[in-house]
Structure formats: C-alpha cells, structure tokens
Amino acid sequence: MENMNKITWTNGNLINTSENYEVEYWANKFGVRPERLKTAVRAVGNSTAAVAKFLSNK
C-alpha cells in the first residue's frame, strides 16, 4: 500500500508524473482526470503554474 503521507512532500511548484500519488493529488487539486493532467504536463511542462494556465484555457 502506498504511503499517503507522501502527499505532504510534493513540491508545490512542479508536478512529478512518475509518482502516482502526485498525479492523484494534482488531478484532484485541478479537478481533472489523471490522464488530462498528464496531457497538460506533456504540453506545457511540469510547472504547476503552466499546467493551471493550460487547464483553465481548455
């Protein structure tokens, strides 16, 4: 079982899509599905600000 305490260790400025707990955390935070979050990261990089802007434009 994954340690959910890892969520408190996410970097607030970057999204690491290699870590499932980060994908789940940021997908929930932005209100999107994990696949949509990964698409956004591929499109604009892993900066949370860039991903937020990308997701708000769609």
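Keep in mind that this is a model prediction, so the values were computed, not measured.
- Residue W26 comes nearest to L14 through the heavy atom pair NE1-O, 4.0 Å, listed as atom of the first residue, atom of the second, then distance.
- Residues forming a side chain to side chain contact (heavy atoms under 4.5 Å, CB included) with T17 (at least two apart in sequence, or on another chain): I15, V23, K38, V41.
- Side-chain contact check for L37 versus F30: some heavy-atom pair is nearer than 4.5 Å.
- Put simply, the side chain of E24 does not reach to within 4.5 Å of the side chain of Y21, judged on heavy atoms.
- Between atom CG of residue L55 and atom OG1 of residue T48 there is a gap of 11.0 Å, rounded to the nearest 0.5 Å.
- Atom CD of residue E19 and atom OH of residue Y25 lie 15.0 Å apart, to the nearest 0.5 angstrom.
- Between V44 and V51, the closest side-chain pair of non-hydrogen atoms falls below 4.5 Å.
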